[in-house]
Amino acid sequence: MQAREVRTIIEEAGRDYVASCLDTGNPMWVMEDPQVTLEILGPYAVTTHVRDSVVFEHPRGAAAQWVALGEGAIDWTAFFSLYRKVCPHALLQRRSLPDGRRRCSRTTRRTGEVVPEDACQ
């Protein structure tokens, strides 16, 4: 689903019952810019996974793939500038490539303390 559809579900169910786990990798699969997803769902986010993606030509049209952070299509400076404004209290987890090299790292909401990566596995 695109962000506007998820927002509708959250608003109709009620923010006391439903929230968003905003993931920067998933919008690419529904042809949505992660920045647009953040604008729409940021106010509803309680946690966030950040990962980078690319969209490329494929013999059957287009394809998307997750890549290492900084190697994809996301403008991280613009993303985090908006992130601080629309969802400053959401937890943040960094997701890397799914090959086991790095699973995630995260910070705690209250202190900003980094939780070791091995605690996320």
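This chain uses plain numbering: 1 for the first residue, then up along the sequence.
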Checklist line | Heavy-atom side-chain proximity of Y83 to T24 below 4.5 angstrom | finding: no

Notebook entry, point to check: Hey, quick one: are I40 and V30 part of the same hydrophobic cluster, counting side-chain heavy atoms closer than 4.5 Å, chains of contacts allowed?
Noted result: no

Notebook entry, point to check: In chain order, what residues pass the side-chain hydrogen bond (donor to acceptor under 3.5 Å, both in side chains) check against E32, with sequence neighbours excluded?
Noted result: T37

Checklist line | Pairwise distance NE2(H89) to CG(L91) - rounded to 0.5 angstrom | finding: 11.5 Å

Notebook entry, point to check: Taking atom CZ of F80 and atom OG1 of T48, what is their separation to the nearest 0.5 Å?
Noted result: 8.5 Å

Checklist line | For M28 against S53, the heavy-atom pair lying closest together | finding: CG-CB, 3.4 Å

Margin query: Contact between L82 and Q35 at the side-chain level, heavy atoms closer than 4.5 Å - yes or no?
Written below: yes

Item checked: With sequence neighbours excluded, residues passing side-chain hydrogen bond (donor to acceptor under 3.5 Å, both in side chains) with Q65 -> none

Item checked: With R4 via side-chain hydrogen bond (donor to acceptor under 3.5 Å, both in side chains) - residues at least two apart -> Q2

Next item on the list: Mark yes or no for whether D52, through its side chain, and L69, through its backbone, hold a donor-acceptor pair below 3.5 Å.
Entry: no

Check: What are the two closest heavy atoms between C87 and A45, and how far apart are they?
Finding: CB-CB, 4.3 Å

Checklist line | Nearest heavy atoms of I10 and V18, plus distance in Å | finding: CG2-O, 3.5 Å

Notebook entry, point to check: Should we say atom CD of E57 is surrounded by more than 12 heavy atoms from elsewhere, each under 6.0 Å from it?
Noted result: no

Checklist line | Nearest non-hydrogen partners of V46 and A19, listed with the distance | finding: CG1-CB, 3.6 Å

Notebook entry, point to check: Given side chains that start at C-beta, do those of V50 and Q93 come closer than 4.5 Å, heavy atoms only?
Noted result: no

Checklist line | Distance-minimising heavy-atom pair for R7 and L41 | finding: N-CD2, 3.8 Å

Next item on the list: Using a 4.5 Å cut-off on heavy atoms from C-beta on, say whether the side chain of L38 contacts that of V86.
Entry: yes

Checklist line | Non-hydrogen atoms of I74 and R51 that approach each other most closely | finding: CD1-O, 3.3 Å

Note to self: Can you confirm whether Y17 is buried at OH, in the sense that more than 12 heavy atoms of other residues, nucleotides or ligands lie under 6.0 Å from that atom?
What the structure shows: no

Margin query: Would the distance check show the side chain of T47 and the main-chain N or O of C21 forming a donor-acceptor pair, the cut-off being under 3.5 Å?
Written below: no

